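Predicted model, so just to flag it, every value in this text is computed and none were measured. The figures here come from the full heavy-atom set of this structure, side chains too, leaving out hydrogens, waters and symmetry mates. Position 1 is the first residue of the sequence, and the numbers go up from there.
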Amino acid sequence: MSQAPRHGALPVEHDKTRFTLWAPDARAVEVEFDNGLRQPMAAETDGWFQATLPASPGTLYRFIINGELKVPDPAARAQHDDVHGYSKVVDHSGFHWRQQDWAGRPWHETIIYEVHVGLLGGYKGVQAYLPYLQRLGVTAIELMPLGEFPGARNWGYDGVLPFAPESSYGTPEELKELVDSAHALGLMIYVDVVYNHFGPDGNYLGQYASGFFRSDIQTPWGPAIDFRRPEVRSFFIENALMWIMDYRVDGLRLDAVHAISEKDFLIELAQRVRSAAGPDRHIHLVLENEDNSASLLQRGFDAQWNDDGHNVLHALLTGEDEGYYADFISEPTLKLARCLSEGFIYQGESTRRGHARGEPSAHLPPSSFVLFLQNHDQIGNRAFGDRLITLTDEASLRASTALMLLSPMVPLMFMGEEWGSRTPFLFFTDHNEELAQAVREGRQNEFKEFSLFAEHPERKVPDPNAVDTFSRSRPDYTSISDPQFQEWRDFYEELLALRHAEIIPRLASSRFAGVQVLAESAISARWELSDGQILRIDINLGDAYVAAPAVPTTARVLYSCQVTTLGDMLPPSSLIALLENN
């Protein structure tokens, strides 16, 4: 690590730990251990408090502010009893890594499988599925946020202690075992991190470090985090470094960075992470960013989740036009053509709300965009957590899936998608009753304008705080072997094997090479691959036959879906992928 971390409790020598807290609003700070012993911390400059005390790994502690307020360490490396309890001293150097030589995999080899750790049984539960995911053809498992959140059931975006892996999922050592086991199978691990806000329960920072937040900018979650302050920047950069260096994960997905006003913080974070990891490790940094800031993808970040691509494909497949789909229902064929030929659809154009969104992106490589048909947001933010297989016909879904898995964009799947799971993924929490009621009401109000509820106001969204809502969201992996699901699993395995054999070896320096609109809901897209060959995908998501472009005699068919003859007509819900000489 290029410079030692400062925030939190860090073992410094045998049986001694340095405790450090930034508390600029506090007059005095003490460390209290679980045996009742209290030790004062020395006040330093700029609001820092520090003390080096006898404390071995596993010691439980918390901070006392001004002799009264008892709080967990905001940079705790582990928690003993949820977000309000004692923090725990962790020595990251004590873990024995078996995969000492693992350096990761290049970005263009990435095939992402997104999972919710709690639904799969914690860190050990995810570890048990690694061999299955390797056989499927996945190369990277993306874990939804792990920072300690209130209760035992949460998506992870309500986390308040970002350095402490969620204790209901297991121990820090079990998380490291998961990472080490993944590396032994050639699999990367990415972690979704939340640096744009803290959750509503268990965040005490405003009571002793109000400088963490700025009063002049509000986000959907409250006051914006103040990244103008070096202490705040270092807090989150140290967190990113912890995942990369102490847990040896291969990459981070940064949630909703459009809510971070200081974009130079993101650039600094990327620089620090890459400097600490060194040139020999493949470290991947991915953004979620409604602003479509193509410039960030040339300043340390590998890719962005391409919501535009998802939204237009969803509109074409379902015809839905409510919510954010309203920005994609008009001229969806042209929008899909732009996505497959330039990356982003919105590159400065105005949205339905009249706001200009996006930057030009055609100069970027296709691998700068993560393409998906489903993810935690796009399923779970629906009122009833509907998966796409329940919203469209299977033939069109197959063609769209083939497009996702064979295009040069980096594909992402959501757990259970690969066998056609119909289990919903609902929004769930485990809050105290007061907060739970506020979430229930907020969730219901969120959908009241949608036709499904406007026409039937008696309908209720599933209670986020009910245990049953969590349980109903667990995909039944035992059903994978059921014959009714085998066809979907074989379909995904075939496409992923094809991507490994024919696409990935040619992706390192691919580029967009144009698109032709064939008819409504039908296009032919082209990409130039690193060996000079052209990957061409013709897709027809419409209801009518469409004249197909001529197929050169030297072209090689990689895959076809619903297509029986070449160079003739594209049937409804069909796709054909070809390799052509340039």
Check your understanding: Are E446 and R443 close enough for a salt bridge, meaning some N to O gap below 4.0 Å?
Key -> yes
Review point. So, does Q79 use its side chain to make a donor-acceptor pair with the main chain of A164 at under 3.5 Å?
Key: no
Study note, to complete from the structure: Given the options W243, W102, Y190, D250 meets side chain to side chain donor-acceptor pair (under 3.5 Å) only with W102
Check your understanding: What is the minimum heavy-atom distance between R387 and S421, and which atoms define it?
Key -> CD-O, 2.9 Å
Study note, to complete from the structure: Closest heavy-atom pair, F212 versus V232, reported as atoms and distance to 0.1 Å, is CA-CG2, 3.8 Å
Exercise for review: Looking only at non-hydrogen atoms, find the nearest pair between P165 and F163 and report the distance.
Suggested key: CD-O, 3.3 Å
Review point. Angle class for the Y61/F19 ring planes (parallel below 30°, perpendicular above 60°, tilted otherwise)?
Key: perpendicular
Revision key, fill the gap. Residues H197 and G199: closest non-hydrogen pair is CD2-N, 4.2 Å
Review point. Would you say M409 and S367 make side-chain contact, with heavy atoms under 4.5 Å?
Key: no
Exercise for review: Could you walk me through whether N196 and T219 pass side-chain contact (heavy atoms from CB on, under 4.5 Å), step by step?
Suggested key: CA-CA 9 Å; N196 51 60; T219 75; over 6 Å; no
Exercise for review: Please determine if E44 and R6 form a salt bridge, counting it only when a charged side-chain N lies under 4.0 Å from a carboxylate O.
Suggested key: yes
Exercise for review: Calculate, to the nearest 0.5 Å, the distance between atoms OH and NE2 belonging to Y324 and H310 respectively.
Suggested key: 6.5 Å
**Study point:** Under 3.5 Å: donor-acceptor pair, side chain of D291, backbone of G358
**Key:** no
Point to revise | Test item: side-chain donor near acceptor, Q304 and N292, under 3.5 Å | key: yes
Check your understanding: Passes side-chain contact (heavy atoms from CB on, under 4.5 Å), M413 versus I111? Steps please.
Key -> CA-CA 8 Å; M413 298 165 282; I111 300 169; 3.8 Å; yes
Check your understanding: Would T17 and T52 count as a side-chain contact (heavy atoms from CB on, under 4.5 Å) if you check the C-alpha gap in whole Å, the side-chain angles of each, and the deciding distance to 0.1 Å?
Key -> CA-CA 6 Å; T17 296; T52 299; over 6 Å; no
Exercise for review: Please report the C-alpha distance between E238 and R272 in whole Å, then the side-chain angles of each, then the deciding distance to 0.1 Å, and finally whether the salt bridge (Lys or Arg N to Asp or Glu O under 4.0 Å) criterion is met.
Suggested key: CA-CA 9 Å; E238 287 177 17; R272 290 279 303 277; 6.0 Å; no
Check your understanding: Do the rings of W155 and F428 sit parallel, tilted or perpendicular, given the 30° and 60° boundaries?
Key -> perpendicular
Point to revise | N239 and Y195 side chains, donor-acceptor separation under 3.5 Å | key: yes
Practice item. Indicate whether any N or O donor in one side chain lies under 3.5 Å from an N or O acceptor in the other, for Y157 and D192. Key: yes
Exercise for review: Quick one: closest heavy-atom pair of R228 and D226, and the distance?
Suggested key: NE-OD1, 2.8 Å
**Study point:** Sidechain N-carboxylate O distance under 4.0 Å for D302, R274
**Key:** yes
Point to revise | Contact check, side chains of E288 and D377, non-hydrogen atoms, under 4.5 Å | key: yes
Check your understanding: What about the rings of F236 and F227, do their centers lie closer together than 6.0 Å?
Key -> yes
**Study point:** Carboxylate-amine/guanidinium contact E177 R98, below 4.0 Å
**Key:** yes
Check your understanding: Any side-chain heavy-atom pair from V29 and I64 closer than 4.5 angstrom?
Key -> no
Check your understanding: Closest heavy-atom contact between T423 and D476?
Key -> OG1-N, 4.4 Å
Review point. OG/S368 to CG/N306 distance, rounded to the nearest 0.5 angstrom?
Key: 10.5 Å
Point to revise | Sub-4.5 Å side-chain heavy-atom contact between H431 and F149 | key: no
Check your understanding: Is there side-chain contact between F372 and W305, with at least one heavy-atom pair below 4.5 Å?
Key -> yes
Review point. Taking atom types as modelled, is there a side-chain donor on D430 or N154 under 3.5 Å from an acceptor on the other?
Key: no
Review point. Any sub-3.5 Å donor-acceptor pair from E174's side-chain atoms to T171's backbone N or O?
Key: yes
Check your understanding: When rounded to the nearest 0.5 angstrom, what is the spacing between CG in L119 and CZ in R472?
Key -> 12.5 Å
Exercise for review: Flag the pair R229 and E262 as a salt bridge only when some basic side-chain nitrogen lies within less than 4.0 angstrom of an acidic carboxylate oxygen.
Suggested key: no
Review point. So, do F33 and Q39 sit near enough that their side-chain heavy atoms are less than 4.5 Å apart?
Key: yes
Check your understanding: When rounded to the nearest 0.5 angstrom, what is the spacing between NE2 in H116 and CG in L143?
Key -> 10.5 Å
Exercise for review: State, without any angle test, whether E109 and T139 hold a side-chain donor-acceptor pair at a distance under 3.5 Å.
Suggested key: no
Practice item. Consider only side-chain N and O atoms of Q378 and D307, and report whether a donor and an acceptor are under 3.5 Å apart. Key: yes
Exercise for review: For residues Y247 and H92, establish whether the separation of their ring centroids is below 6.0 Å.
Suggested key: yes
Study note, to complete from the structure: Distance col, row R62:CZ vs E30:CD, nearest 0.5 angstrom, shows 11.5 Å
Exercise for review: Would you please say whether a donor-acceptor pair under 3.5 Å links the side chains of D201 and H84?
Suggested key: yes
Practice item. Measure the CZ-CG distance between R18 and L10 for me, rounded to the nearest 0.5 Å. Key: 5.5 Å
Review point. Any donor-acceptor pair under 3.5 Å linking the side chain of R248 with the backbone of D246?
Key: no
